[in-house]
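What follows is a set of notes on a single structure, which appears directly below.
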Amino acid sequence: MSVLVVLLPSRSVAAAGAPAPGPAGGSVASAAEEWDWVLSADGAGVGARGRGRAATLPACDRLVLALEPAALGWHRVELPRVAPARLRAALEGLLEEALLDEPAQLHLALEPGAAPGQAAWVAVLRRERLADALATLEAAGREVDRVVPLWPPGPARRGHFSAGDDTGGQVRLDWSAPDGALALPLRGAAARALAESAAEPGVEPYVQWSASPAAAAAAERWLGAPVPLLDEAERALRAADSAWELRQFDLAPRRRGTLRAAAAWRAWLGPAWRPVRVGLASLV
């Protein structure tokens with residue numbers, strides 16, 4: 001089953017409610033905006049990659065939208081025991097002092113498997129940006145299977161060095177650990193302090209470092225040691241294979257059956273099914 005991962009750049013999104021600063025928001029998604037994409041025939045190996053508008057994206061069996069690290073803020077909360085219809089409002093109350101924007105401007109999403117009465121991660125992002133991207137893809141006739149974070153918090157401590165269009169040409173450190181996830185400019189003091197804290201006494205020193213090919217040289221100078229390569233396309237495929245789904249609450253998919261029926265109807269009217277249509281018409 002082929003998988004297409006479309007990367008929604010963080011440069012157009014402020015890290016809403018994030019504990020560390022990220023690139024400021026800018027334009028919203030539109031049909032004229034170009035996105036990087038990665039196509040895999042089996043969901044494991046990179047088959048092709050490119051950049052283009054929503055209307056020019058290659059065909060696939062599953063389309064996954066991945067959000068860059070600086071687009072997201074992460075907060076750890078204990079989920080209240082409330083009815084599902086009241087959960088969004090309850091989360092807003094828990095995060096009221098931590099959020100940097102009005103709750104109406106933000107979108108919230110819970111980590112997979114989150115249960116009432118237990119601690120869970122809440123992802124916070126700009127609602128308008130995600131809603132516009134989903135609307136743009138839908139208008140182009142593309143159904144989004146899932147929306148995932150590219151670099152969420154996890155059980156292991158990981159540091160990835162990246163350099164691309166979304167970083168403004170500067171090398172960035174994407175950090176993921178059991179206590180949160182951050183996207184920091186490599187030249188800043190915050191990234192250095194984060195790396196030094198990982199080497200403090202009593203802290204497990206092991207960190208899974210990686211770097212994109214474009215950032216490898218800078219990463220090795222910064223760490224003073226070789227860094228394993230992790231291509232950005234491979235990282236996107238790994239994220240697409242996670243259990244995350246950021247479309248929750250008011251952005252949860254409600255028209256999946258309708259979209260699939262419309263896609264099936266378009267396929268039926270296409271040239272591939274013309275002999276069948278002619279045969280059925282002759283039979284009638």
Side-chain angles (χ1 to χ4, degrees), residues 1-13 27-72 107 109-112 123 125-152 162 164-166 230-270 272-273:
M1 177 178 290
S2 62
V3 178
L4 178 68
V5 186
V6 179
L7 296 171
L8 190 62
S10 59
R11 63 169 181 246
S12 298
V13 189
S27 61
V28 297
S30 68
E33 184 176 6
E34 293 187 343
W35 297 323
D36 290 322
W37 54 263
V38 180
L39 180 64
S40 173
D42 55 5
V46 177
R49 68 185 74 189
R51 183 178 180 85
R53 300 178 181 180
T56 66
L57 295 174
C60 62
D61 297 316
R62 293 195 303 120
L63 191 156
V64 178
L65 186 64
L67 272 66
E68 294 281 359
L72 298 160
H107 175 66
L110 295 171
E111 69 172 295
L125 59 145
R126 295 282 188 183
R127 186 190 184 283
E128 182 183 39
R129 175 62 166 168
L130 178 56
D132 284 347
L134 293 172
T136 299
L137 290 167
E138 181 179 338
R142 306 306 299 266
E143 177 185 353
V144 177
D145 183 74
R146 282 188 305 124
V147 179
V148 301
L150 187 62
W151 203 248
S162 62
D165 292 339
D166 69 295
L230 175 60
D231 187 80
E232 293 299 331
E234 296 174 357
R235 185 162 75 133
L237 288 179
R238 292 183 185 182
D241 196 40
S242 73
W244 274 93
E245 170 59 282
L246 294 176
R247 286 185 305 172
Q248 300 178 28
F249 302 112
D250 61 321
L251 292 184
R254 295 185 178 89
R255 298 179 54 201
R256 179 162 300 199
T258 302
L259 291 174
R260 286 180 175 172
W265 179 249
R266 287 194 299 269
W268 168 254
L269 295 178
W273 287 91

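Below, each value reflects all heavy atoms present in this structure, side chains not excepted, and no hydrogens, waters or symmetry copies.
- Of all non-hydrogen atoms in Cys60 and Ser2, the two that sit nearest each other are CA-OG, 3.3 Å.
- The shortest heavy-atom contact between His107 and Leu130 is CD2-CD2, 4.0 Å.
- Contact between Ala123 and Leu246 at its shortest, heavy atoms only, is CB-CD2, 4.0 Å.
- The structure places CG of Leu8 at 11.0 Å from CG of Leu150, a figure rounded to the nearest 0.5 Å.
- The shortest side-chain heavy-atom distance between Asp36 and Glu232 does not fall under the 4.5 Å cut-off.
- Checking side-chain atoms of Arg62 against main-chain N and O of Gly43 turns up no donor-acceptor pair under 3.5 Å.
- Atom-to-atom distance recorded for Asp132:CG and Arg127:CZ is 9.0 Å, nearest 0.5 angstrom.
- Side-chain atoms of Pro149 and Leu67, non-hydrogen and from C-beta on, never get closer than 4.5 Å to each other.
- Residues Ala59 and Leu39 approach most closely at O-CD1, 4.0 Å, considering heavy atoms.
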Item to check | Check against side-chain contact (heavy atoms from CB on, under 4.5 Å), Arg142 and Val6 | outcome: CA-CA 11 Å; Arg142 306 306 299 266; Val6 179; over 6 Å; no

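- At distances below 3.5 Å, not a single donor-acceptor pair connects side-chain atoms of Arg235 with backbone N or O atoms of Trp151.
- Closest heavy-atom contact between Ala240 and Val5: CB-CG2, 3.6 Å.
- Heavy atoms only, all atoms of each residue included: Val148 and Trp244 are closest at CG1-O, 3.4 Å.
- For the pair Glu143 and Arg247, the salt-bridge criterion is not met [side-chain N within less than 4.0 Å of a carboxylate O].
- Side-chain contact between Asp145 and Val3 is absent, with no heavy-atom pair separated by less than 4.5 Å.
- Between Trp35 and Leu7 there is no side-chain heavy-atom pair separated by less than 4.5 Å.
- Here the straight-line distance linking atom OG1 of Thr56 with atom CZ of Arg51 works out to 10.5 Å at 0.5 Å rounding.
- Within the 4.5 Å cutoff, the side chain of Arg49 has heavy atoms near those of the Asp231 side chain.
- For the pair Thr136/Arg53, no side-chain contact is recorded, criterion being any heavy-atom separation below 4.5 Å from C-beta on.
- Contact annotation: the side chain of Val147 approaches that of Glu245 to within less than 4.5 Å [non-hydrogen atoms, C-beta and beyond].
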